[in-house]
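What follows is one structure encoded as structure tokens, with my remarks underneath.
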Amino acid sequence: MLDLLGNLQRTHSCGSLREEHVGQTVVLMGWVARKRDFGVFTFIDLRDREGITQIVVSEDFAPEAHTKAKQARSEYVIAVKGEVVARSPETVNQKIPTGKIEVLAKEILILNDSKPLPFELEKVGSQNLASEELRLKYRYLDLRRPQLQRNLMMRAQAIKKIREYMDSLGFIEIETPILLKSTPEGARDFIVPSRIYRGKFFALPQSPQILKQICMIAGFDKYYQIARCFRDEDLRADRQPEFTQLDVEMSFVNQEMVYSVIEGVFRSVFRLIDVELPEKFPRMTYNEAIERFGTDKPDLRFSMELKDLTESFKTAENIASSPFASALQNGGMVKAITVKGKADYSRKQLDELQEFVKRYGASGLTWIKFLEETQSPLAKFFSPEKLTEFAEKAEAEKGDIVLIVAGKKSVVLPALGALRIEIAKRENLIDKNTYKPVLITEFPMFEYNEESGQYEPAHHPFTSPMDEDLEFFRRAVEKDERELLGKVRAKAYDAVINGYECAGGSIRIHQREIQELNFKAIGLSPEVAKERFGFFLEALEYGAPPHGGFAAGIERICMILCGTENIRDVMAFPKTSSTQDLMMDSPGKVDESQLDELGIRIISD
RNA sequence: GGAGCCGUAGUUCAGUUGGUUAGAACGCCAGCCUGUCACGUUGGAGGUCGCGGGUUCAAGUCCCGUCGGCUCCGCCA
């Protein structure tokens, strides 16, 4: 028989009682985390989101409560009324904050029972946690785990801190619509059919980009929003189809002013985990990041930078007969990383690393073991002296191994950049308690797409070119000298922390003429530009102020705050990597009548 | 679109060269137990080896296909 809650009120959480409460009569409510039954008395570990308190129920002291306690099973929901008593010194539990006290039950109500759970919430001994598939199906149970409860509470704290900080700077929170209009640039849109305008569709926002710029034109000056965004692209460990951004826009600002807001908001949020980020973040240009780390989001918690061996190899005597000859002839490069003290890597380990870089399109990986004598597959082509010279050029010392990739720049840099991270993980080179922010600046305005042979926007099409490169930009578009597009840098920047792109933004174009040039540069005809963005081009003609801003990924920030590498650990209801919700079983079918109303017919393949 | 890893009691895993009745721990159920906190202890129940097909005297084990989960490449202005 279940008991009714009636008027009974909780007086404390299960994490709040301490020695100072001894003697008080309290009411706790929560879930039975564990029960230890000794016949004439029973211990219950009672859990709520704040913690665990031990309940003692004695047959002598409270026979009715004891009967209830005997009935209780794991995850039953119970209410306990009783007295806080101090534990004797030898029975204190050091492992939990409430361990110096326990609650001697006078009355117990069983508010609800529970079937045995499909998996255990706490892993025991060497047991692993249940598979993520099962936990996602029973997300409401998985979310009872203290770890996930802590993560979601941290997320709530982070968002609260952000709002406080933005408010303190005079930013105004403005909500923008979820039902927008599709603009085929960028990511794939999620679209929503219109019932009233049959055959027409809304699109969910990939970000509120245009709307926040419109807010600037509307004179709001400093806008922010905790905005939900949607992108219908394949998932990754740090990517979900819907996610949350801190979206910010400011008028009358240059990059420096935006940087200081980014720095301030991150500093404020990281104080939640007692981390004091520097007042000014280090800066690095995009080109420098790519050359030194092989990525535009470098993890600066460890060094192991990429070293350029291109010139050394070019001037080597037997280069023509070496495997690098063709790579170098085609304007390629040779780069290396040096792994400290790992000249003892085995054949098997090197084969694995070889396979690893091949995933990034590298033709292979070669190496020099820098010992008393150098060892290398390259010894067939180069003298020991030359190999030593290469190794020293890669800043290797005796006992190190130099890992070398050669080929096209667009392959070598990402492959070695990824290898750098992989080795750092394998060799435990990353101190989990350090936090290294960096601002990446001077992104290219356009990227050359090798497949299409076209220049494509690297950021979004509202990004302003750098003042220094404006003439290049004009010439490139107006005189159709398209190769000049590759030289145009944008007023675009990213904030990177520990290798995660946590925020990105730009100074926007606020003049119609430049905006039209940019649409032309990315291949939008004036007609198409007008159809898609006509309202925006028009808005630029009514006194648009200079403006810029950024967007910061809430989940990625929370991942770092919570020390997890998985975005699902900081979202309440995430989807699987194939975009399903295993709990609700979404996406799901809809009734034929719903489709009829929308004028939609399903074509099966 | 492509690649890798994984799928065996409720859960986490083991399962040898293809071989006879598929095991362990935890959980669950029943009993005992006055200080546990991963309680202890005695006993018990519990299996579509993801699914489909094939090879074989014989398949959890080998082969093909398929579904699902995770990770990565492409993709993510």
Side-chain angles (χ1 to χ4, degrees), chain A residues 33-46 52-61 73-75 85 87-96 98-99 102 104 115-138 141 183-189 206-207 209-210 229-241 243 352 355-362 411 414-415 418 421-422 443 445-447 449 451 456-463 490 492 501 504 506 518 522 524 551 553 565-566 568 575-578 580 582:
Chain A
R34 269 215 158 76
K35 186 176 77 165
R36 293 176 292 278
D37 185 347
F38 285 78
V40 295
F41 70 102
T42 297
F43 297 103
I44 288 172
D45 289 343
L46 192 65
I52 282 183
T53 299
Q54 175 164 279
I55 312 297
V56 195
V57 199
S58 155
E59 189 168 35
D60 294 339
F61 181 73
R73 298 275 187 272
S74 272
E75 300 303 313
V85 296
R87 296 205 204 180
S88 64
E90 66 276 14
T91 61
V92 164
N93 184 351
Q94 305 282 3
K95 293 181 199 160
I96 54 173
T98 60
E102 60 197 359
L104 181 59
K115 295 203 294 186
L117 264 38
F119 60 92
E120 289 164 64
L121 298 189
E122 278 178 282
K123 56 178 182 174
V124 173
S126 60
Q127 294 242 110
N128 288 329
L129 215 48
S131 72
E132 188 155 21
E133 190 175 1
L134 189 71
R135 289 185 287 121
L136 284 170
K137 182 175 175 191
Y138 295 98
L141 299 179
T183 54
E185 296 75 25
R188 212 173 277 119
D189 285 315
Q206 297 176 24
S207 84
Q209 183 59 37
I210 289 188
C229 304
F230 306 85
R231 294 176 191 173
D232 189 4
E233 296 292 345
D234 289 344
L235 280 63
R236 287 288 187 279
D238 63 349
R239 261 171 31 197
Q240 283 269 315
F243 60 99
E352 281 171 14
E355 286 309 308
F356 182 85
V357 296
K358 281 184 178 172
R359 291 215 293 272
Y360 294 83
V411 168
I421 303 289
E422 173 69 13
F443 274 78
M445 187 92 172
F446 304 96
E447 277 167 354
N449 182 324
E451 274 180 34
E456 295 173 352
H459 203 51
H460 56 61
F462 312 106
T463 301
E501 182 194 322
S506 62
N518 200 30
I522 63 176
L524 280 190
E565 295 194 340
N566 198 314
R568 295 181 298 276
K575 290 173 179 60
T576 66
S577 64
S578 53
Q580 287 192 342
L582 296 181

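A, B, ... follow the sequence lines: proteins, then strands. Residue 1 opens every chain. Keep in mind that what you see is a predicted model, and the values were worked out from it rather than measured.
Stacking annotation: A:F119 is not stacked on the base of B:U11 (requires ring centroids less than 5.5 angstrom apart and an interplanar angle below 30 degrees).
Taking the nucleotide of RNA chain B with the nearest heavy atom to each of A:S578 and A:Q209, the more 5' of the two is matched to A:S578.
Contact annotation: side chain of A:R568 to base of B:C70, donor-acceptor pair absent below 3.5 Å. No hydrogens or angles were tested; on distance alone, nothing pairs the side chain of A:R236 with the base of B:C70 as donor and acceptor under 3.5 Å. On a pure distance criterion of 3.5 Å, no polar donor-acceptor pair joins the side chain of A:E132 and the base of B:G68.
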Every protein N/O within reach of nucleotides 25-27 of chain B N/O, cut-off under 3.5 Å:
residue : atom : partner : partner atom : Å
B:A25   : N3   : A:Q127  : OE1          : 3.3
B:C26   : O2'  : A:E120  : OE1          : 2.8
B:C26   : O2'  : A:E120  : OE2          : 3.4
B:C26   : O2   : A:E120  : OE2          : 3.3
B:G27   : O4'  : A:E120  : OE2          : 3.3

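Counting non-hydrogen atoms under 4.0 angstrom, A:I96 reaches nothing in the nucleic acid. Using a 4.0 Å heavy-atom distance criterion, A:A418 is classed as making no nucleic acid contact. Using a 4.0 Å heavy-atom criterion, one finds that A:Q580 contacts the sugar-phosphate atoms exclusively. Within the nucleic acid shown, A:R135 has no heavy atom closer than 4.0 Å to any nucleic acid atom.
Listed pair A:R36 / B:U34 fails the phosphate criterion, with no side-chain N or O lying under 4.0 Å from OP1 or OP2. For B:C37, neither phosphate oxygen OP1 nor OP2 lies less than 4.0 angstrom from any side-chain nitrogen or oxygen of A:Q94. A close approach under 4.0 Å does occur between a side-chain nitrogen or oxygen of A:N566 and OP1 or OP2 of B:U71. OP1 or OP2 of B:U36 has not a single side-chain nitrogen or oxygen of A:T91 nearer than 4.0 Å. Between A:S131 and B:U12 there is a side-chain polar atom (N or O) within less than 4.0 angstrom of OP1 or OP2. Note on A:K123: every side-chain N or O is 4.0 Å or more away from OP1 and OP2 of B:A38. Checking the phosphate oxygens (OP1, OP2) of B:G74, no side-chain nitrogen or oxygen of A:R188 falls inside 4.0 Å.
Distance from the side chain of A:E133 is smallest for B:G69 among the nucleotides B:C33, B:G69, B:U34.
Here the C1' atom of nucleotide B:C75 and the CG atom of A:D189 are 14 Å apart, to the nearest Å. Rounded to a whole Å, the CZ atom of A:R231 is 17 Å from the C1' atom of B:G74. Summarising the geometry, the separation between CD on A:E59 and P on B:G35 is reported as 15 Å, rounded to the nearest angstrom.
Using Watson-Crick or G-U wobble geometry with both donor-acceptor distances under 3.5 Å, B:C39 finds no partner in any strand shown. In this entry B:C62 has B:G54 as its Watson-Crick or G-U wobble partner, both defining distances falling under 3.5 Å.
Between A:F243 atom CZ and A:L235 atom CG the span is 11.0 Å, to the nearest 0.5 Å. To the nearest 0.5 Å, atom CZ of residue A:F462 and atom CG of residue A:N518 are 9.0 Å apart.
No more than 12 heavy-atom neighbours from other residues, nucleotides or ligands sit within 6.0 angstrom of NZ on A:K137.
When all heavy atoms of A:M445 and A:A490 are compared, the pair lying nearest together is SD-CB, 3.6 Å.
In this structure, A:R239 does not pair ionically with A:D234, as no charged nitrogen and carboxylate oxygen lie closer than 4.0 Å.
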